[in-house]
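Reviewing the structure listed below.
What you see is a predicted model, and the numbers here were worked out from it, not measured in a lab.
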Amino acid sequence: MQTRFSPEQLADSHTRESEKILRSCVHCGFCTATCPTYLLEGDERDSPRGRIYLIKDMLENDKPANTEVVTHIDRCLSCLSCMTTCPSGVHYMHLVDHARAHIEKTYKRPWHDRLIRSMLAAILPYPNRFRLALTLGRLGRPFAPLLAALPGGDRLKAMLSLIPKGGLPQTSSDEPAAIQSSRQVAILGGCAQSVLDPEINAATNRLLARFGIGVVFSPGEGCCGALVHHMGQEDNALGFARRNIDAWWPLIENGLDAIIITASGCGTTIKDYGFMLRDDPSYAQKASRVSALSKDITEYLDTLDLPAAEPKSMVVAYHSACSMQHGQQIKDQPKRLLKNAGFTVRDVPEGHICCGSAGTYNILQPDFATRLRERKIKNIMRTTPDIIAAGNIGCMTQIAQGTDIPILHTALLLDWAYGGPEPTAIRSLS
Amino acid sequence: MNAPAAPQSEDELAALIDKAVSDRAPLSIVGGRTRGSIGGRGNGAPLSTRALTGITLYEPAEMVISARAGTPLAEIESALATKGQMLPFEPMDHRALLGTTGTPTIGAIAAGNISGPRRVSIGAARDHLIGVRLVNGYGDIIKSGGRVMKNVTGLDLVKLSAGAFGTLGVLTEVTFKVLPRPETAMTLSLDGLSAQNAVSAMAEALATPFEISAAAHVSANASAPSLTFLRLEGFSESCTYRAERLSKHLDNFGTLRLLEIDEGTALWQRIRDAEDFAGSDFATVLRVHVAPSKAGAIVDIAHANKASIMLDWGGGLIWLGLAQGADASETIQRISEAGGHPMIVKSAVVTLPVLTPASPAIAALARKVKHAFDPHGIFNPGLLAGHI
Amino acid sequence: MSAIAFPAPDNTIIVRRDEIIAGLARLVEPECLVTGDDEMRPFETDALTAYRRMPLAVVLPRSTQEVSAVLRYCHDAGVNVIPRGAGTSLAGGAIPQEDAVVIGISKLNKVLDFNIANRTITVEAGITNLAVSAAVAPEGFFYAPDPSSQLACTIGGNIGMNSGGAHCLKYGVTSNNVLGVKVVLIDGTIIDLGGDAMDVPGLNLLGLMIGSEGQLGIVTEAILRIIPTAEGARPVLFGFDSSEDAGACVAAIIAAGIVPVAMEFMDKPAIEICEAFAKAGYPLDVEAMLIIEVEGSEAEIDASLARIVAIARQHGVRVVKESKSAIETAQIWKGRKSAFGATGRVADYICMDGTIPTGQLPYVLKRMSEIVAGYGLRVANVFHAGDGNLHPLILFNANDPTEQAKAESAGNDILKLCVEVGGCLTGEHGVGIEKRDLMGVQFNAADLNQQLRVRAAFDADWRLNPAKVFPLEGRTS
């Protein structure tokens, strides 16, 4: 559609990129139909097309963000369902990232909003701080009803409810010794997942070793930056990205087959490093290389041609994380792998709609997140599953809050099917 | 009755209407005079379209035919037959039922929205009418729609005219979408079902993908058991295949019996024309348009009033024949209360309204629409009474 | 600049904005009333983005009663009203104005009743077209009209424009598939037209309402006819060396007594655009392509396709490619249905919607290329060949005002051509604001006056969607 940017505005790389995106949008409205918040609200302001329009108006007129616009952009899950739907190829992700950075620069949020955001940004990306916070949070859980009465208290309450009920899990076994192989990969250790469910990477490690893939460690890597990136903290996000690139670079120079990611939310961001750092001459090339090497674990395994495993009488509802199916367009590989590993795999009806997790969304937008979770669980139940499989820790935590059916990472199920230990959740099933 | 005025051209017709308007002299529009008072009993000087004849356009490859309003239906049907085509909605011929003579015209098919058994699958006359020319109560010659089947340009006065029984203007030319005549037809019968079970059987059949083209139920009388008919049409291999699948699907209703082709053809004409209700046995004949889910209730009312019934359109159309002495007025009221839309097709009692009145809000709106075409109430006063 | 004029907004209304907003605020929940300048921005246009006007306010009611209350208020306050569904109109049917309140029905999106015995579904009008089919699919049914925007467009909008789609060759358009509607009139009166029975006797106001483009009332509920899904369906792709051959093939198939469920045409530019998005396996080395779909059992499909392929061979078909799986079929249709949006990848476009007698296809295709080339622009053709409903996409650069004017002129010339050969201005998108000023090409004064008088029977003060459908001059009634 038509745009009105001045040459001066277009001198800015972000604006230039956004203008290109806006030009490709034909305002057909297809995206509204697959947007979770539009499905809930039936209000164009809470749809991709509406948001694109709000962003266009804000950017074209160099307007500082205001409360109304921020409300509707904040409600966006960044699930990117709209990008899968869009026939015109509008890169909504880059547009909304730009808008969030613009909001961060030009809008002053209420104190409680600022507080919770800085708290999340200061804790979640750092495993040690996160572990400590979870321990303290468990002590704080009895105060949840009191907190709910404070401004923004519904978010604190939502945050407390996400804390795992038992103690923090430990890995079931020691990591296998690194094997020597012509094919070497790095596995992203990341942040929150390593605290919430360290077994995921342990299982991934065992699985890869079993098929002759060497795993190398990359000290110094950590959070991918997605958490702060989605809050519009661009500089902070780029800092995380550069740190990870620095950590991986020596390994890449030694010859690396792939950087394996076991949380699809991180995968979407790391695959975007190349774009995020495009204007940084000292990192642009390295970032593109890192993005190109990044593979979701299922995407990588799918290239290995694994043997078929013994059939199991177990129905798996495969929940495709938005970052998996929309962000990375990985759709069939996980299901193919699970089927090949002997599971009966069922698609979840309305599977393209987000579960409401979306990074820190379930903390920052508890109302929408809860409605989406309920909708998701209702759809999952229609497949009458024994277990739920997913490839993203955020979805797993979110969905687990609303159902007793075990939810496991795809890698855990595959590891078990190919000779690894039986996951605890499954042991307790039988 | 006087010989009606029968203008030779659209312009002549328009001039005649102009005069009627300035004289405030109501007109009663007639075609072949075969359809009695099915839209209501009019009073006005008769004006006939019978001199406006001739097919004006027929493009078989585009599946479209246009003709002047007074063109005999038979002429249209034979022209279509030469190209292996047909009017898809199988218009009813009222002559047997009403004991009328004369020649049915294409204009009346449009004005009365006259459809037959195939309506349930492929739509009504209204659904196939894609263009009209008419003279309104200002004496203006108006066109709406055209000769293409997808056309949303402006308000759809075509659909509005269909079934308006000439109350909005005099149709001078109509254009219909037509379809290829099916290679063959196959009629299957389920014997001995009650009307209620027949409605269920027809609903099940119509919910299958086997493309039932018509579904009717002829009720028991002293000399014959009740029969439920399903018709399949298309290429013969396809009909055979669908008949087999259908037999399996409906086996809990009994065994499907295949009729001979000629027997089937005669049967569907008999159903189309409601021939069973002809003659003097019935003082009043009603047709009731109803949702099939409510057909059972209408059947109960019919039985309570000792009416003979026949179901068409899978239960969506119920014919009722009431004998002399039955309380037609009370039956009609109860049918309306049960969610049916009764319409008197034939009655010995001329004081009964042909249609049950519309709600006040809708009637008020319809009167405004009528006024927009016919401000002086020239056309067919008395028709669609209670509705406009 | 934009060539289509809007009536001058009524300043006496605009100065009363605060009072009107306060009045509306008494009728709906706060989250259902949009009044901030920034927040109303997304409602300033639909899918005809060349034209944009900010509304006075936007209301998103949650019930028929709320629609009624808002309409009654606007009627009494003398405020114009713009009905809006999903805002996917390509004809600008939902574009507001500064003195008008938008009433959007997108929150009215529930299924109210699904009656298998009657083969009907009753829905609120803001539900999307595809959601209706999705709701009845588990029971083996679908809702037949399938406009390309069916994923997003609402049933209310479909009723407003009498939408068609690729499969209406066999199943008809919206007006053939609606049994009843609940309508709110401009004064707030709620009426039910038609009903759950077929062909309810009386004046056919239902038929009049369908396709009336929000000029007569706001539809809030509808009873829709649903159809059993065929046992199977299979499209075949035919590639031809010329559009003329493809057009002749279509005519020959119909003449042979075969009515496929769909017959879609694409020319080379359209094939390239759609294939790039959908990767449907369209042949890229042909000048024109037909997608022809038939339904039934496997054996029936085989038999029908054999007949169709034989006819195509007589008309010089070069590529014949049958779909081999449900996934392939879905991809083939995804490509076709995304044609307009996918065109956005290469250029801005305006999409025409004229219908022509199918016998005129070869002539019109040739003339259209000449017309568009005459303006120095390009065209991609995608259309419903079986019924002659053309969708030439005229490509241009929206940031270049002279190109936009040229594109509009080329579009007007094409529509005039459609009428000249016996067709019409719009087959399924509606007149909207886009074709309003061309109405005189298809209708004479008497025709238009009759429509205007009918319109006045519903809305004498021109409150409903006032800038649309009818030319601004000559609105005397």
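- Going from atom CG of B:D156 over to atom OG of C:S175 covers 6.0 Å, rounded to the nearest 0.5 Å.
- In this structure, the portions of C:N176 lying under 4.5 Å from any heavy atom of chain B include both its backbone and its side chain.
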If you apply the rule side-chain contact (heavy atoms from CB on, under 4.5 Å), what do you find for C:L203 with B:F165, and how did you get there?
CA-CA 9 Å; C:L203 202 60; B:F165 287 95; over 6 Å; no
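- C:T355 and B:N151 share no donor-acceptor pair across their side chains, judged by distance under 3.5 Å alone.
- Comparing C:I258, C:V454, C:L169 by heavy-atom pairs within less than 4.5 Å of chain B, the highest count is held by C:V454.
- Atoms CZ and SG, on B:R147 and C:C424 in that order, are 11.5 Å from each other to the nearest 0.5 Å.
- Between B:V148 and C:I356, every side-chain heavy-atom pair lies at or beyond the 4.5 Å cut-off.
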Worksheet item: Is there a side-chain contact (heavy atoms from CB on, under 4.5 Å) between B:V120 and C:R119 once you walk through the steps?
Response: CA-CA 11 Å; B:V120 71; C:R119 298 175 303 287; 3.8 Å; yes
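- Residues satisfying the salt bridge (charged side-chain N to carboxylate O under 4.0 Å, His left out) criterion with C:K170, sequence neighbours excluded, are B:E211, C:E295.
- In this structure the side chain of B:V152 never reaches within 4.5 angstrom of the side chain of C:M161, judged on heavy atoms.
- Between chain B and the residues C:G430, C:G386, C:G359, the largest count of heavy-atom pairs under 4.5 Å involves C:G359.
- For C:V173, the part lying near chain B is the side chain, with the backbone staying farther off; criterion is any non-hydrogen pair under 4.5 Å.
- Proximity of B:K159 to C:I210: side-chain heavy atoms (C-beta onward) are nowhere separated by under 4.5 Å.
- The shortest side-chain heavy-atom distance between C:P357 and B:E59 does not fall under the 4.5 Å cut-off.
- Between the side chain of B:H341 and the backbone N or O of C:V200, no donor-acceptor pair lies under 3.5 Å.
- Using a 4.0 Å cut-off between charged side-chain N and carboxylate O, C:R307 and B:E183 make a salt bridge.
- One distance of note links CD1 of C:I191 with CD1 of B:I362; it measures 5.0 Å at 0.5 Å rounding.
- Looking at B:R245, only its side chain comes within 4.5 Å of chain C, counting heavy atoms on both sides.
- The candidate from C:S163, C:A457, C:G427 with the greatest count of non-hydrogen atom pairs under 4.5 Å with chain B is C:G427.
- Checking side-chain atoms of B:T153 against main-chain N and O of C:T426 turns up a donor-acceptor pair under 3.5 Å.
- Of the listed residues (B:G169, B:P180, B:G146), the one with the most heavy-atom contacts under 4.5 Å to chain C is B:P180.
- The contact between B:A162 and chain C is made entirely by backbone atoms, counting heavy-atom distances below 4.5 Å.
- Looking at C:F458 and B:V369, their side chains come closer than 4.5 Å, going by heavy atoms from C-beta outward.
- No side-chain donor-acceptor contact under 3.5 Å links B:D140 and C:Q450.
- Here the CZ atom belonging to B:R126 is positioned 5.5 Å from the CG atom belonging to C:D199, to the nearest 0.5 angstrom.
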(request) Could you walk me through whether B:L317 and C:M198 pass side-chain contact (heavy atoms from CB on, under 4.5 Å), step by step? (result) CA-CA 8 Å; B:L317 169 63; C:M198 287 175 271; over 6 Å; no
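- Interface remark: of the candidates C:N118, C:I254, C:L208, C:N118 forms the most heavy-atom pairs closer than 4.5 Å to chain B.
- Under the 4.5 Å side-chain criterion, counting only non-hydrogen atoms from C-beta, B:L157 is in contact with C:Q451.
- Separation of atoms CG (C:D447) and CD1 (B:I141) is listed at 10.0 Å; rounding is to 0.5 Å.
- Residue B:T208 touches chain C through its backbone alone, counting heavy-atom pairs closer than 4.5 Å.
- At a threshold of 4.5 Å between non-hydrogen side-chain atoms, the residues C:E300 and B:R242 count as touching.
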Derivation of the side-chain contact (heavy atoms from CB on, under 4.5 Å) call for C:T358 and B:M63 | CA-CA 10 Å; C:T358 48; B:M63 302 192 290; over 6 Å; no
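- No side-chain heavy atom of C:Y171 sits less than 4.5 Å from a side-chain heavy atom of B:I122.
- Ionic pairing of B:K150 and C:D353 is not present here: no N-O contact between side-chain nitrogen and carboxylate oxygen is shorter than 4.0 angstrom.
- Only the side chain of B:Y241 has a heavy atom closer than 4.5 Å to any heavy atom of chain C.
- Interatomic distance, CD1 of B:I142 versus CZ of C:F443, reported as 10.0 Å (0.5 Å rounding).
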